[in-house]
Each structure stands twice: as C-alpha cells, then as structure tokens.
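Written out below as structure tokens is the structure these notes cover.
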Amino acid sequence: MSQGEFLITHTQGRKIIECRNLWKIFGKRPAEALKAAQAANVCKHEVLERFGCVIGVADASFTVREQEVFCIMGLSGSGKSTIVRHINRLIEPTAGLVIVSGQDVMSLTDRALRELRARKIGMVFQHVALWPHKSIAQNVSFPMEIQGKDMATAAGAAEEALSRVGLSGWGQRYPDELSGGMQQRVGLARAMAADPEILLMDEPFSALDPLIRRDLQNEFLRLSRETLKTTVFITHDLEEAMRIGHRIAVMKDGRIEQIGTPEDIVLRPETDYVARFVSSISTLKFLTALEILRQGEVAGDMPIRGPRTPLPELLAVLTAGASHVVIQDGDGVLGRVGAAEVISALQTDLKRG
Amino acid sequence: MDILLNPFHHFTIPFGYWAANFIGLVVDRSRDTLIAAKFPVHVFLEAIRDFLLSVPPSLGLLVVTAAGYLLGGVRLAALGFFCLVGVGLIGMWSDAMMTLAIVLVAVVISVIIGLPLGILAARSETLYRLMRPVLDLMQATPSFVFLVPVVMLFGIGDAPGVIVTCLFAIAPLIRLTNLGIRQVRADLVEAARAFGASELRVLYDIQLPLARPTILAGLNQTVLSSLSMAVVASMISVAGLGRVVLEGIGRLDFGRATVGGLGIVLTAILVDRYVQGLGAVRPQLARGSA
C-alpha cells in the first residue's frame, strides 16, 4: 500500500492517540514557568534563565488514527522522546490532555494504567533494553507474564513472535550472545508478542549500522503491513521518517513545527526550520503532474493522466514514445508534461540543498 | 597567662556525667522495650548456637566441604576442609562454632533490616540524604567505640554481642544495596514499567537480580565486619574465639592467645571465600548491571 492510498483509506479512521496542548516542563518551578511560557511566547532560554526550568514539550497537539504510522522527527533535545513517553504516561505532563483508545491517561488509576500498558501498548527502545539476566524467550514473554497469561500460552506466543522476526530457535540464548541488529529484532518481538493495539518506537534503529538499519526498517515495514498496528515512531533521521511514516511531525525545541505527509513536508514546508531540514532531500520521488505541468499546446492523440500522477509514472509514459502527456482533471485540461517540463523539474531539484 | 595557653586545664564540661544521666534516663524509661528487643535475638542465637554445637565435627566437615564444592568446585572445597580441620586440631572447634553462631545471627538480622533500608534509600533521595551521614559515621567509627552505647543500653553477654555486631556490620550492606539498585540501567527499569509491571515486580524481577553482584559485595563486607566485631565483642563478655585471645593476653598465656588468633584467621578465610563463592554461583545473573 502506498502512502497516498493509505491517506485515502485511513484519514477517517478511528482516533487512537490524541494529544491536546501538551506541555512538559522539567525543573523545580514548572507551574510558574508554564504560565510565563503560555502567556507570552517566552523562548526556551528565557524560561531556563528565569525559572531554572527546561521546556521538554511545548503546546504539542496531534492525533494518530487507527493503523497509521506516525513519525515524530527532530534532532536530539527536541522533545520527541519526551512526547512519546506521555502516551503511556512514563512521563506526567505539566499541562494538556492525552487520550489513548478513548481513555484520558491522566485520569487512570495505577492499576488501570498498568492494564493499558500491558494490554494495549508495546514499546521498542533506542538501546534495546533487553533484560540481560533473562533469556530471549523470557524477555519476549515478559509482557504476557505481566498480563497473567499462563506459562504455556506465553511461551507459545513468544516463540511465534520470535519466528516472525526470523529468530525462531534463539529463545534459550541470552541477550549478550546476540548482535545489535538481532537484539533489536528481539525488542520488536517483545513489543509485538502480546499483540498490542499500539506500538511506540523510540528511535529503535538509530544505534545500528546503516546496512542493518535498512534491513530492520524493511522488516518493520513488512511487519507493520502484516499487523497494521497504530504506531508512533520516533526518529532523528529524516530519510527514515520518509520511508516509514504515513505522516510526519517535525519538532524543534519542544514545539511541533509542522505535521504532514512526507510529500507535504518536502514540497510544502511551512516554516524556515522545516525548509532547511528537508533542503537536502530530493523532491523527485514526491513530485506529481500538478507540480511539473506547464500550460501549452496539447495534441489530441497524446495520453491523458490526472493531476496527482507521480513523476515515475509520467516518465514511463514518456519513454514509451509519447512526446508529452496531457494532464486533465475531469474535463478541464490543466496543461502538459513533456521532456522540457521534466528537465526543468530536474534542474529545480538539483539546485536544492 | 596559663589560662590562654592551656584553657582546658581550667574549663571542662562534665560530659561524662551528662551522658551517664542521659543514658540512665533512657534505660529507666525504656527498660521493657530494650529487654523486649533483646529477647528474640537471644532466642535466635541460642537456637543457632545449640544447633552448631550439636553437629558432630566430622559431619560438619562433610557439610562444609560439600557446600564448598557446590559454591566453587574442588579448590574451595579443599580450602574449606583444611581451614576447618585446622580449627579442630588446635582445639578451637566449639569456640569457632560459638563465633560463627554470633556472625550468622548478626548477618541474618543485618540482612532483614539492611536490605529493605537499602532498597528504600535507592527509591527516595530524601531518605538517602538523611541516611548517608549516619552510615558515614557508622563506618568511620572504630569497632571498639560501638561497645559503649550497647553495653549501657543492653548490658553485657552474647545477645548484646549480636546487637553490637549488627550495628557495626550493617552499613556496607545498606550502602551497596542502595548503590546496586541505583546502578541498574534506567532503560531496563523503564522497559519493565512500559510493559505494565508493578513497582514490586520491577523490584524483584529486574532491579534486585541485576543489582545482585553489588548487593553480594555488600553482604561480603557485612559478613567480614561481623566476624571482626564478634571477636572484639569478647570485651563485653561474649563467648567464642575472641574470648580465647583476650584470656590468653590477660594471663600472659601467649600459647593460648596464638591458638585463638589462628582460629580467628582460619575462620575468617573460610567465611570470606565462601561468601565470595556465593557471588559467583550463577554467572548469567552477573550479566549487565550498569
């Protein structure tokens, strides 16, 4: 399923995770700092100077719908890991609302919160966080033990989860006998073994070698398509976010700068920061006829395509022998895409970065 | 002029008098509590001592050697065997058993009190800040000084000997339990919480197993301190190897003092090696504390 299709089928899906005006301020006087930061757009450094407080998350709002993969991207210290920990309340917000599966997580009792964490949410960590004193099988079955499932069921589900990440038969080993990539596969298996509704991925692949990272991204995409879990995926790597996310939130200094599809972020950045961030990314993968076309003469016997046709498809038509493609929306002709238009799009793209 | 150069010749405070009055007051007020506190220690000690003394030495040798084999293989078994045979051959068997009984009871009490305190200290910054100066003081104070308050409050004898041994030996266990739990990687604890584990579950399933090597290092120190205090406590009329040395020195009977001393050294080596062996039983448990 391409990202475009996803948006058509799922923008109306059930809301699974919703954060509204979320603030997290670390330090000894969060209440005062919050007031100041909310009232006058006081910047991060000023809050630190005046109140000795650090803003982790500032006024963040977003919604993740059923089966969506939502990436939160930002550099280190931008607050992305802090945000994701609000979803299962590993961190308490200073202000704002977090709703998961229709429940306000701040209103939950300890017991209900533990239920939510155990049954509905699986989490994968940057440094894997496998328990070194437990075998691989024990690590993976831990979430089910917490749920009170009997040993046989837990062991069976753990073995199944391990085989899904290609590690069947490794259950009796210990984490330090596995390579970094294998360990993170176990991390994935552990998060998915109890079949939770939601996956929280906190920079799961950023500590891995580039090649292994690529492997695991593909593995994750495959699993994600098979299991269709609602996912919040944290990363500092723009390309990873582009590959994995249906939508991306770009963060800076605790604020969400922009939320949009990979295409939105690359083609239509809303702030200077986002524009600078994506300036090194090639737009070619995201360009559609609408961005490339020009007004001009069109011949009646040339192939016709819609305005959302992606560039690769246009290229295929052109290389098949047509001198240009007519871009038409319903009955109205919008323009043409021929060799000249494609070349000009290429030139614009090469000038980026 | 002399008053400036030598002020303490003219001014002293009657601190000893105050202390005696204060202690007298405390003891009067809380005699029942003190006796009640001493009683279970006394019962426990008698039971352990009677048990150890009732074991025939050859059976004791067998058990200790077998335990040594399980804890650390042939070498530890041989070491345990020879130490204990040495103790028996110099005629110190029953004195050694008495000292071991005191050490054992003191260590059990230290663990019962010290482990939870260490766990609490690891969870509460405030509590740790309050406990730290007390622990520093306890570890800086020479063993001899501990005898003073204990004798005043609990009198002399074997049960006060156990109490003073606990007081002297408990600090490293509390400190290293606290340290061991704090050193467990934060993300390992966070991961357990993220999967819905309760705080109790996190403690016994994640933190304590990962802190085990550090806690055992603390236990080792506690055991060795207990042994040294159990010897010093002979001054408040505690039976065992220490008393042999004390009597030997008192009567200028150097043979007897040396025998007692050798008995202490052999017992100490045995106890130290065995407790260290305890730390290495299941090596995979030693993996991955921070």
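Here is how names work: the chains are called A, B, and so on, in the same order as the sequence lines, proteins then strands, and each is numbered from 1.
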Completion exercise
The single option from I109(B), L104(B), V111(B) that satisfies side-chain contact (heavy atoms from CB on, under 4.5 Å) with V107(B) is V111(B)

Practice task
Given side-chain contact (heavy atoms from CB on, under 4.5 Å), test V189(B) with L210(B) step by step and report yes or no.
Solution key: CA-CA 10 Å; V189(B) 173; L210(B) 290 175; over 6 Å; no

Salt bridge check: are [X] and [Y] linked by an N-O gap of less than 4.0 Å?
X       : Y       : value
E190(B) : R85(A)  : yes
R182(B) : E125(B) : yes
E145(A) : R201(B) : yes

Handout entry: Close contacts, residues 112-120 of chain A versus chain B, judged by heavy atoms under 4.5 Å
Key = R114(A), R117(A), A118(A)

Fill in the blank from the handout: Among residues 188-195 of chain A, those lying within the under-4.5 Å heavy-atom range of chain B are R190(A), A191(A)

Problem - Side-chain heavy atoms of L178(A) within contact of R185(A), under 4.5 Å - result: no

Handout entry: Heavy atoms of other groups near D110(A) CG, more than 12 under 6.0 Å
Key = no

Practice task
Check the surroundings of atom OH in Y69(B): do more than 12 heavy atoms from other residues, nucleotides or ligands lie under 6.0 Å from it?
Solution key: no

Handout entry: R175(B)-Q139(B) side chain donor-acceptor pair, cut-off 3.5 Å
Key = yes

Exercise for the section: Tell me, for R193(B) versus chain A, whether the close heavy atoms (under 4.5 Å) come from the side chain, the backbone, both or neither. Expected result: both

Handout entry: Sub-6.0 Å ring centroid separation between F70(A) and F62(A)
Key = yes

